[in-house]
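Scroll down for the structure; my scribbles are underneath it.
Just so you know, these numbers use all the heavy atoms, side chains as well, and skip hydrogens, waters and symmetry mates. Labels below follow one simple rule: chain letters A, B, ... track the order of the sequence lines, proteins then strands, and each chain is numbered from 1. Treat the numbers as computed from the prediction; the structure is a model and nothing was measured.
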Amino acid sequence: MPELPDVEGFRRFLARHAEGRRIVRVDVPDPAIVRNRTPQVLGRALAGNRFGSPHRHGKWLFAPVGDVELLLHFGMTGLLSWGEDDSDRDRYDRVILVCEGGELRYNNMRRFGGVWLARDEQERARVTGPLGPDAAGISRDSFERLLRNRRGGVKAALMDQRLIAGIGNLLSDEILWRARIHPARPVQSLTAVRRRRLYEALRAAVGESLRYGRVPHGARWLTRVRGDKHPACPRCGRPLRRSTIAGRTACWCPHCQK
DNA sequence: TTGCATGTTCCGGA
DNA sequence: GTCCGGAACATGCA
């Protein structure tokens, strides 16, 4: 589930439920999911302090608590949930931040991703590694600048978090379908007109997804049909193709995307 | 039983 | 150094 729009949804969720609340204690049913501290150290660092205002960069969620920060990455199956008490916990709740009046749960079936603690911005940067500008706010100029020196295929470029942060497999296919660009096309083969179209498609797809807090399944979205047995292009009705590009299963329309 | 899944990282080879 | 493919990680589902 989690690409940029999903993580933005989690950010809003955390803000709505937990911001301003004091953490009482931290339960860690799956100690290995806490990546850079022991559960005991994490608990001591958080307990007694209040959640601040959460922020997001790409697929990372940062939740300040007192004078430290909780870093959350959701991998492929992560999510947040909230409960009034511990009665309806899920077997995949890996870290539970028990607050006054309820508990915030980090749930992750497949255990990619995880939870980190950072004492300052340097530590945060060490954990996340280099990240490009967030896809939701990238300017036309910086987009052009980033593509200028980029080699390799365009889908790989869109998904590279060091180049642009937040775009994953589904969104990259959605953006390329909108821009009518083949996912394997080399970045350097894109004309100025196509680069502009790509930028507009990125802003539109990311912007619209953000409003929903997920990649929508609307009528004019590839996401709605890409899981079908014989998916058809929502634009021209011809059969879509699937194959591995940049290490992931790409879905595109051979008629629309050149 | 096998293959595949919205993510990241590491390794080897071109 | 760059880029790509493949494997690994962990788990469930069709």
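- In this structure, A/Arg226 fails the cation-pi test against A/Trp252, since its NZ or CZ atom is not both closer than 6.0 Å to the six-membered ring centre and inside 45 degrees of the ring normal.
- Following rounding to the nearest Å, A/Asp173 (CG) and B/dG7 (P) show an atom-to-atom distance of 10 Å.
- Remark: P of C/dA8 and CE of A/Met76 are 17 Å apart, rounded to the nearest angstrom.
- Of the two residues contacting DNA chain C, namely A/Asn149 and A/Thr244, the nearest-nucleotide position lying further toward the 5' end is that of A/Asn149.
- Heavy atoms from other residues, nucleotides or ligands lying under 6.0 Å from CZ of A/Arg162 number 12 at most.
- Between the C1' atom of C/dC3 and the CD atom of A/Gln188 lies a distance of 13 Å, rounded to the nearest Å.
- Comment: A/Glu208 engages A/Arg178 in a salt bridge, judged by a side-chain N to carboxylate O separation of less than 4.0 angstrom.
- A single hydrophobic cluster is seen to contain both A/Leu72 and A/Leu42, as judged by linkage of ILVMFWY side chains at heavy-atom distances under 4.5 Å, directly or through other members.
- A/Ile175 and A/Val7 are members of different hydrophobic clusters when ILVMFWY side chains are connected at heavy-atom separations under 4.5 Å.
- A side-chain N or O of A/Tyr199 and one of A/Arg203 form a donor-acceptor pair less than 3.5 Å apart.
- A/Arg248 places its CZ atom 13 Å from the P atom of B/dT9, with the value rounded to the nearest Å.
- Separating the NE2 atom of A/His217 from the P atom of B/dT6 is a distance of 11 Å, rounded to the nearest angstrom.
- A salt bridge is absent between A/Asp173 and A/Arg242; no separation between the charged side-chain nitrogens and carboxylate oxygens falls under 4.0 Å.
- Where DNA chain C pairs in unbroken runs of 3 or more (Watson-Crick or G-U, both distances under 3.5 Å), the stems are B:2-5 with C:11-14, B:7-14 with C:2-9.
- Atom OH of A/Tyr92 and atom C1' of C/dC13 are 11 Å apart (whole Å).
- Salt-bridge annotation for A/Asp30 and A/Arg111: present, with a side-chain N of the basic residue lying under 4.0 Å from a carboxylate O of the acidic one.
- Within the nucleic acid shown, A/Thr223 has no heavy atom closer than 4.0 Å to any nucleic acid atom.
- The stretch residues 150-171 of chain A comes close to DNA chain B through A/Gln161, A/Gly168, A/Asn169, A/Leu170, each having a heavy atom under 4.0 Å from the strand.
- For A/Leu4 and B/dT8, the CG to P distance is 11 Å, given to the nearest whole Å.
- The distance from the CD atom of A/Glu103 to the CZ atom of A/Arg89 is 4.0 Å, given to the nearest 0.5 Å.
- Phosphate contact (OP1/OP2 of B/dT8, side-chain N/O of A/Lys59, threshold under 4.0 Å): present.
- No contact: A/Arg242 has no heavy atom under 4.0 Å from any strand.
- Listed by residue number, the members of residues 108-129 of chain A with any heavy atom below 4.0 angstrom from DNA chain B are A/Arg110, A/Phe112.
- One interatomic measurement links the two molecules: CG of A/Leu61 to P of B/dG7, which rounds to 16 Å at whole-angstrom precision.
- In this structure, A/Glu200 does not pair ionically with A/Arg197, as no charged nitrogen and carboxylate oxygen lie closer than 4.0 Å.
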Q: Show the numbers, then the answer: is there a side chain to side chain donor-acceptor pair (under 3.5 Å) between A/Asp85 and A/Ser87?
A: CA-CA 6 Å; A/Asp85 53 44; A/Ser87 61; 2.5 Å; yes
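- Going from the P atom of C/dC3 to that of B/dT6 covers 24 Å, rounded to whole Å.
- The residues A/Glu144 and A/Arg140 are annotated as salt-bridged, a charged nitrogen and a carboxylate oxygen being separated by less than 4.0 angstrom.
- OP1 or OP2 of B/dT8 sits under 4.0 Å from a side-chain N or O of A/His73.
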